Amino acid sequence: MSRLRERAGDARPHLVVCGSDALVYTLAEELARSGHRVRLTLITPPELKPLVPDLGALRARGVRVITATRLDEQTFRDAGLAGADALALVMPDDMVNLHAALCARAVEGDLRLVIRMFTTNLAYGVRRLFADCAVLSDAAMAAPAFVAAALGEVAPTHFRYAARTLNVSKRADVPADAIVTTLATSDGNGKTTVLPPAGEPQPADLVLAEAGRRPAAQTVAARRLARAGRRRRPWLSVGRAIRVGLSRKLGIAVLVALGLTVVSGALLTHFTGVQGFWRSIYVTLLTMVGSSDVEADNAPRAQAAQLVLTLAGVALLPLVTAAVVDGVVKTRLALDRGEILKVYTGHIVLVGLGNVGTRVLRQLTDLGLDVVAIDRNPEARGVKVAEDLGVPVIVGDAAQEETLRSASIANCQALVVVSTDDAVNLQAALHARQARDGIRVVLRLFDDDFARRVQDAFNIDISRSVSRLCAPAFAAAMLEREVLATIPVERHALLVAAVRVTPGSALDGAPLESADRPESVRVIGLTTAGAEWVDWSPDGRRVLAPDDEIVVVARRAGLRVLLDQAARPIESSDAGGQ
């Protein structure tokens with residue numbers, strides 16, 4: 001049994017959360033709204049990231065907020081960490097979190113740690129270093145959802161439980177006998193119903209199914225896009241190289257000089273009576289380079305044409321030389337800056353190479369897709385990764401239309417915008433819509449309500465919040481719930497959990513169907529007390545007994561109610577007003 005469950009006499013376990021970006025706010029809000037009677041302390045630096053909302057709303061919920069410049073032993077003592085039940089370290093820097101974890105264990109040795117880590121190898125080492133520790137990566141959790149949205153497919157969520165591997169698929173992609181339950185349905189007008197009541201199944205329904213041997217729909221889509229991305233358009237590449245290498249003013253000067261040369265050469269050969277095309281070219285070129293003799297006997301019109309031709313030639317040659325040199329230099333500088341001269345079709349444009357962007361980049365390239373990356377910071381975490389993978393990187397502001405054009409935005413298959421600046425993300429998405437209406441746009445925004453309104457108002461395909469996708473998993477790890485997986489569905493997060501029936505609780509002696517609620521909780525399996533196998537098609541009329549374990553897919557609020565039913569005495573559960 002976990003420490004939280006052992007402390008039955010203490011209705012207010014102490015949870016501490018430390019962070020500086022959007023995840024710290026969302027996680028604190030998740031815990032404050034979890035329904036558990038907890039004391040929650042938030043430790044933040046004096047300067048928070050721009051996207052973090054005002055913490056006043058959390059204070060109004062009874063959350064204690066402490067400001068500290070360092071996460072050291074003194075800070076944790078001041079926060080009352082001694083005797084606390086769990087500590088979440090969700091700073092965006094791996095080493096800061098690791099140092100804070102060491103300091104925290106010096107203050108309170110019997111403490112559950114939930115640590116945010118990006119570097120995979122470091123995360124494995126941290127798990128071995130600390131007992132009772134959960135190491136999670138918000139980037140790893142969120143990246144599959146962005147990749148799937150870019151491909152127009154289902155996020156590749158899968159988990160293994162009781163010797164059975166389950167994954168999320170569209171109903172049309174799996175055999176009917178492999179389907180465990182329906183996760184979501186759509187009415188065709190953009191409205192999604194999560195955990196719907198039983199109804200007429202549709203091919204586009206999102207289902208939880210037993211994993212089979214058929215290739216995942218996402219893999220099939222990736223192969224299709226990869227084939228499309230390899231169809232190059234060399235003439236477009238040549239045109240882009242010319243536009244990059246030739247300045248407008250110099251190009252106009254060359255064209256004027258060339259036009260004067262052609263016109264004066266034609267007049268000269270006409271007035272001097274030169275016959276034949278080759279002889280006309282011969283006389284024109286020699287005169288242009290100043291190799292013709294003075295013709296005092298020629299008519300004034302011929303002399304004027306000869307003079308203009310000579311002067312135009314004197315001007316044209318240096319201009320052509322300057323244009324060539326200027327073009328070579330500018331093209332070289334463009335390549336050094338990472339600007340793309342090739343034009344691709346069917347590729348993915350990825351904006352933002354931070355933690356999430358780096359994960360998305362790796363997964364897209366693993367699927368064999370062509371990617372063009374954009375980031376304003378040449379030292380961003382994912383720039384080196386992109387170079388190692390051979391992915392071209394444009395260093396520039398994605399909010400500028402010119403930057404997106406240099407990434408062949410008009411010819412791409414999808415735009416995935418995952419930078420940490422909501423304003424830049426939205427501007428990039430709108431510029432992409434102007435470039436071509438059919439571009440699939442996957443947009444990262446912090447605020448979930450804002451994301452929904454942007455998706456509806458601007459016809460953006462997918463608007464997601466990384467912190468909203470990941471906060472339920474971090475909260476579950478702090479509360480030590482038996483959460484098996486987190487399934488992102490649109491802007492919702494469904495939790496797959498195993499809930500044990502406590503003797504004397506509201507579920508003890510109740511039929512199994514009482515745990516099932518449409519659009520809130522869906523029972524998918526049952527393990528009876530003392531058994532080692534899971535009944536994946538349990539009879540809803542079966543009476544639950546102590547230590548029975550129910551496997552459910554639930555929304556956060558639904559799981560909270562079910563946990564109360566399973567753990568609290570029936571009098572308390574009834575008094576709580578379910």
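Just so we're clear, the structure is a prediction, and the values are computed from it rather than from any experiment. Numbering starts at 1 and runs along the sequence shown.
- Residues Ile43 and Phe76 meet the side-chain proximity criterion, which asks for heavy atoms closer than 4.5 Å.
- Across all non-hydrogen atoms, the minimal contact from Ala84 to Val16 is CB-CG2, 4.4 Å.
- Atoms OG1 and CD1, from Thr182 and Ile179 in turn, are 6.5 Å apart once rounded to the nearest 0.5 Å.
- Side chain of Asp85 to main chain of Leu15: no donor-acceptor pair is present (N/O by atom type, distance under 3.5 Å, no hydrogens or angles).
- Here the side chain of Arg39 pairs no donor or acceptor atom with the backbone of Pro13 at under 3.5 angstrom.
- Between Leu48 and Leu55, some side-chain heavy-atom pair lies under the 4.5 Å cut-off.
- The environment of CZ in Arg542 is sparse: at most 12 heavy-atom neighbours from other residues, nucleotides or ligands sit within 6.0 Å.
- Side-chain contact between Met95 and Leu98: present, with at least one pair of heavy atoms (C-beta onward) separated by less than 4.5 Å.
- Judged by distance alone, with hydrogens and angles left aside, the side-chain atoms of Asp548 form no donor-acceptor pair with the main-chain N or O of Val501 at under 3.5 Å.
- Taking the side chain as every heavy atom from C-beta outward, Leu81 and Leu87 approach each other to under 4.5 Å.
- In terms of heavy atoms, Arg541 sits closest to Pro511 at O-CB, 4.3 Å.
- With contacts defined as side-chain heavy-atom distances shorter than 4.5 Å, the pair Leu195/Val553 qualifies.
- Side chain of His14 to backbone of Gly83: no donor-acceptor contact under 3.5 angstrom is found.
- With hydrogens and angles left out, the side-chain atoms of Thr185 and Asp205 include no donor and acceptor closer than 3.5 Å.
- Judged by distance alone, the side chain of Asp535 and the main-chain N or O of Leu526 form no donor-acceptor pair under 3.5 Å.
- At distances below 3.5 Å, at least one donor-acceptor pair connects side-chain atoms of Asn425 with backbone N or O atoms of Arg444.
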Exercise. Give the intermediate values and the outcome of side chain to side chain contact (heavy atoms under 4.5 Å, CB included) for residues Val126 and Arg128.
Key: CA-CA 5 Å; Val126 170; Arg128 293 193 298 268; over 6 Å; no
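- Comment: Glu73 does not engage Arg105 in a salt bridge, judged by the lack of any side-chain N to carboxylate O separation of less than 4.0 angstrom.
- Looking at heavy atoms from C-beta onward, Val17 lies in side-chain contact with Leu31 at the 4.5 angstrom threshold.
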Practice problem: Would you sort out whether Arg164 and Glu210 count as a salt bridge (charged side-chain N to carboxylate O under 4.0 Å, His left out), showing the intermediate values? | Solution: CA-CA 7 Å; Arg164 196 181 196 191; Glu210 186 173 9; 3.1 Å; yes
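- Annotation: the span from Asp421 atom CG to Lys49 atom NZ amounts to 12.0 Å, rounded to 0.5 Å.
- Under a cutoff of 6.0 Å and an axis angle of 45°, Arg359 and Phe118 form a cation-pi pair.
- A donor-acceptor pair under 3.5 Å links the side-chain atoms of Thr75 to the main chain of Arg70, judged by distance alone.
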Practice problem: Begin from the C-alpha positions of Arg116 and Asp138 and carry the test salt bridge (charged side-chain N to carboxylate O under 4.0 Å, His left out) through to its verdict. | Solution: CA-CA 7 Å; Arg116 176 188 188 182; Asp138 58 325; 2.8 Å; yes
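- Within the 3.5 Å criterion, the main-chain N or O of Ser186 finds no donor-acceptor partner in the side chain of Thr192.
- Considering all non-hydrogen atoms of both residues, Leu415 and Ala428 come closest at CD2-O, 3.7 Å.
- Ser505 and Asp508 share no donor-acceptor pair across their side chains, judged by distance under 3.5 Å alone.
- In this structure the side chain of Val207 never reaches within 4.5 angstrom of the side chain of Val168, judged on heavy atoms.
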Exercise. Show the numbers, then the answer: is there a side chain to side chain contact (heavy atoms under 4.5 Å, CB included) between Val521 and Val561?
Key: CA-CA 9 Å; Val521 179; Val561 173; over 6 Å; no
Quiz prompt | Residue pair Val424, Ser419: steps toward the side chain to side chain contact (heavy atoms under 4.5 Å, CB included) verdict | solution = CA-CA 8 Å; Val424 170; Ser419 83; 4.3 Å; yes
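- Across every non-hydrogen atom of Glu519 and Arg555, the tightest pair is O-CD, 3.2 Å.
- Looking at Asp516 and Arg522, a side-chain N of the basic residue comes within less than 4.0 Å of a carboxylate O on the acidic one, giving a salt bridge.
- Interatomic distance, Leu469 CG to Leu23 CG, rounded to the nearest 0.5 Å: 11.0 Å.
- Listed for the Thr26 side chain is a donor-acceptor partner under 3.5 Å among the backbone atoms of Ala22.
- Inter-residue side-chain proximity for Leu151 and Phe146 is flagged as unmet; no heavy-atom pair is nearer than 4.5 Å.
- Residues Thr358 and Arg381 bring no donor and acceptor atom of their side chains to less than 3.5 Å of each other.
- Rounding to the nearest 0.5 Å gives a distance of 5.5 Å between CG of Leu71 and CE of Met91.
- Contact between Ala123 and Met117 at its shortest, heavy atoms only, is CB-CB, 4.0 Å.
- Note: Leu42 CG to Leu27 CG = 8.5 Å, rounded to the nearest 0.5 Å.
- Side chain of Arg127 to main chain of Val135: a donor-acceptor pair is present (N/O by atom type, distance under 3.5 Å, no hydrogens or angles).
- Rounding to the nearest 0.5 Å gives a distance of 6.0 Å between CG of Leu507 and CG of Leu562.
- Contact detail for Ala566 and Arg500: the closest heavy-atom pair is CB-O, 3.5 Å.
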Quiz item: Checking side chain to side chain contact (heavy atoms under 4.5 Å, CB included) for the pair Val552/Ile524: CA distance, chi angles, key distance, verdict?
Solution: CA-CA 5 Å; Val552 299; Ile524 61 173; 5.9 Å; no
